[in-house]
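A short worksheet on the structure shown next.
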There are 2 protein chains.
Amino acid sequence: MRLTTKGRYAVTAMLDLALHTDSGPVSLSDISNRQGISLSYLEQLFAKLRKQSLVVSVRGPGGGYRLSRDRSDIFVAQIVDAVNESVDATGCKGRSDCQGGNTCLTHHLWCDLSDQIHDFLSEISLEKLVKRQDVRQVADRQDKDSKVSASASQEKISAALIG
Amino acid sequence: MRLTTKGRYAVTAMLDLALHTDSGPVSLSDISNRQGISLSYLEQLFAKLRKQSLVVSVRGPGGGYRLSRDRSDIFVAQIVDAVNESVDATGCKGRSDCQGGNTCLTHHLWCDLSDQIHDFLSEISLEKLVKRQDVRQVADRQDKDSKVSASASQEKISAALIG
DNA sequence: CTAATAACCTACTAATTCAGTCGGGTAAAT
DNA sequence: ATTTACCCGACTGAATTAGTAGGTTATTAG
């Protein structure tokens with residue numbers, strides 16, 4: 001099982017997408033600003049998300065990404081799977097050849113755990129996350145912050161142009 | 001959440017200990033032979049397991065390691081915790097400062113997942129594992145194999161001494 | 001007593017992965 | 001035409017993993 005910043009970033013970014021999906025495609029630089037994830041890194045992650053048809057891209061000005069289907073039909077497990085290679089807890093990827101061709105002592109334990117984690121994350125859709133109160137609260141703060149910093153940087157630009 | 005070969009090795013080794021606990025202390029080289037884990041690596045892992053008082057050591061010839069307490073009172077979660085730093089799925093270790101001092105969008109999701117995994121692994125004792133049929137089967141095969149290879153290497157030694 | 005055993009300890013290493021950067025593309029809208 | 005923003009590949013520092021190497025200390029069997 002592998003669950004690092006990579007998978008967390010992917011889920012966070014997808015959730016950001018789900019939250020701002022009403023006003024057309026969402027650009028990666030918007031997500032980068034709101035979520036504090038580097039733009040280039042997001043590009044790498046979204047390349048994988050696109051390959052797994054979790055998102056569709058719109059090129060050109062005003063473009064960005066959109067969810068490929070309804071929020072209720074995209075699950076956290078799918079997102080993590082898309083960017084990591086697997087959510088498997090066994091070392092042998094279920095092949096049971098963990099100990100030189102044979103099954104290792106704890107093989108079945110890790111299989112059970114993998115199932116457990118997968119089941120848990122498979123039940124959580126973006127829709128479900130969007131409706132959570134803790135998510136809404138954080139999202140509201142982020143929207144406010146990004147507007148502030150947007151106007152702040154606008155002021156900086158103006159100041160630079162004037163000064 | 002970090003669950004790699006490290007944690008798997010530790011659990012496997014502890015289970016081996018639990019299975020062979022009747023005939024006195026178990027040496028790391030025995031575990032190394034049976035489980036196919038490098039001796040030096042086992043030493044590193046057991047240093048941590050000892051610090052967490054999961055095992056006690058007996059030095060000198062005939063020495064080795066023993067479980068510090070009953071098999072039913074040692075749980076997989078404790079073992080994984082002892083060798084990895086944590087089984088936490090959040091990046092901020094529960095401090096909620098994932099996004100530059102603030103809570104990130106998906107913080108609570110990872111908290112939930114951490115709890116889920118921890119609960120699952122906290123319920124599984126070594127006792128429980130020892131009684132599982134799949135574990136017994138693998139253990140039987142390993143005991144046979146190690147005896148064969150032990151007598152084989154004994155023969156090699158004899159052959160070397162004679163030849 | 002001494003030789004063997006096995007825990008204990010420190011330091012080093014190759015390989016991998018993560019998280020991120022950089023530079024240059026290409027497609028589409030204004 | 002220019003800007004926007006996706007697209008793509010190569011590269012990088014830092015961290016971690018899994019393991020090596022080489023020694024020291026405690027204990028016991030002979």
Side-chain angles (χ1 to χ4, degrees), chain A residues 1-13 17 20 24-33 35-51 54-66 68 80 83-86 88 91-92 98-100 104 157, chain B residues 1-13 17 20 24-33 35-51 54-66 68 80 83-88 91-93 98-100 104 157:
Chain A
M1 161 74 192
R2 201 181 296 139
L3 192 49
T4 61
T5 319
K6 202 175 185 176
R8 282 194 294 270
Y9 277 180
V11 176
T12 302
L17 212 56
H20 299 89
V26 181
S27 73
L28 291 189
S29 55
D30 282 356
I31 300 179
S32 172
N33 285 332
Q35 305 305 331
I37 307 170
S38 99
L39 179 59
S40 309
Y41 200 44
L42 277 175
E43 285 182 346
Q44 285 177 47
L45 297 179
F46 272 78
K48 296 191 177 190
L49 295 172
R50 202 171 61 91
K51 270 178 202 156
L54 292 172
V55 296
V56 290
S57 63
V58 181
R59 301 183 75 152
Y65 285 93
R66 255 180 310 182
S68 66
V80 175
V83 293
N84 291 350
E85 281 135 33
S86 80
D88 191 26
C92 57
C98 354
Q99 194 193 353
C104 81
I157 291 167
Chain B
M1 162 74 191
R2 202 183 296 140
L3 190 49
T4 61
T5 320
K6 204 174 185 178
R8 282 195 294 270
Y9 277 179
V11 175
T12 302
L17 211 57
H20 299 89
V26 180
S27 73
L28 292 188
S29 54
D30 283 356
I31 300 179
S32 173
N33 287 332
Q35 305 305 333
I37 307 170
S38 99
L39 179 60
S40 309
Y41 200 44
L42 277 174
E43 283 181 346
Q44 286 177 46
L45 297 179
F46 272 78
K48 297 192 176 189
L49 294 171
R50 201 170 63 91
K51 268 177 203 156
L54 293 172
V55 297
V56 290
S57 63
V58 182
R59 299 181 75 152
Y65 286 93
R66 256 178 311 182
S68 67
V80 175
V83 293
N84 291 349
E85 281 137 33
S86 80
V87 276
D88 191 25
C92 56
K93 290 167 192 167
C98 354
Q99 195 193 352
C104 81
I157 293 167

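Residue numbering restarts at 1 for every chain, and letters A, B, ... go by the order of the sequence lines. Model, not experiment: these values are computed from the prediction.
- The side chain of A:Ser27 contributes no N or O atom lying less than 4.0 Å from OP1 or OP2 of D:dT4.
- Remark: side-chain polar atoms of B:Ser32 are paired, donor with acceptor, to backbone N or O of B:Ile37 under 3.5 angstrom.
- Regarding contacts with the backbone of D:dT12, every side-chain N or O of A:Tyr41 stays at 4.0 angstrom or more from both OP1 and OP2.
- OP1 or OP2 of D:dC8 lies within a sub-4.0 Å distance of a side-chain N or O belonging to A:Arg50.
- C:dA6 atom P lies 8 Å from atom CG of B:Asp30, rounded to whole Å.
- Put simply, CZ on A:Phe46 is 20 Å from C1' on D:dG9, counting in whole angstrom units.
- Separating the CG atom in A:Leu42 from the OH atom in A:Tyr65 is a distance of 9.5 Å, to the nearest 0.5 Å.
- The distance between atom CG of A:Leu49 and atom P of D:dC7, rounded to the nearest whole Å, is 11 Å.
- Here the P atom of nucleotide C:dC18 and the CD1 atom of A:Ile37 are 16 Å apart, to the nearest Å.
- The 5' end of DNA chain C is approached more closely, in terms of each residue's nearest nucleotide, by B:Gln44 than by the other of B:Gln44 and A:Gly62.
- Here the C1' atom of nucleotide C:dC9 and the NZ atom of B:Lys48 are 14 Å apart, to the nearest Å.
- Between B:Ser57 and C:dA6 there is no side-chain N or O to OP1 or OP2 distance below 4.0 Å.
- Considering every non-hydrogen atom in both B:Val83 and B:Gly7, the closest pair reads CG2-CA, 3.9 Å.
- Residue B:Tyr9 places none of its side-chain N or O atoms closer than 4.0 Å to OP1 or OP2 of D:dT17.
- You won't find any donor-acceptor pair under 3.5 Å spanning the side chain of A:Glu43 and the base of D:dC6, going by distance alone.
- Phosphate contact (OP1/OP2 of C:dT26, side-chain N/O of A:Arg59, threshold under 4.0 Å): absent.
- Atom C1' of nucleotide C:dA7 and atom CG of B:Leu45 are separated by 15 Å, given to the nearest angstrom.
- Counting non-hydrogen atoms under 4.0 angstrom, A:Ser40 reaches a base of the nucleic acid.
- Between A:Tyr41 and A:Thr5, every side-chain heavy-atom pair lies at or beyond the 4.5 Å cut-off.
- For the pair A:Lys6 and A:Pro61, both in contact range of DNA chain C, the more 5′-proximal nearest nucleotide belongs to A:Lys6.
- In terms of heavy atoms, B:Gly62 sits closest to B:Pro25 at O-CG, 3.7 Å.
- Atom CG in A:Leu17 sits roughly 10 Å away from atom P in D:dC6 (whole-Å rounding).
- Taking atom OH of residue A:Tyr65 and atom P of nucleotide C:dA28, one finds them 14 Å apart after rounding to whole Å.
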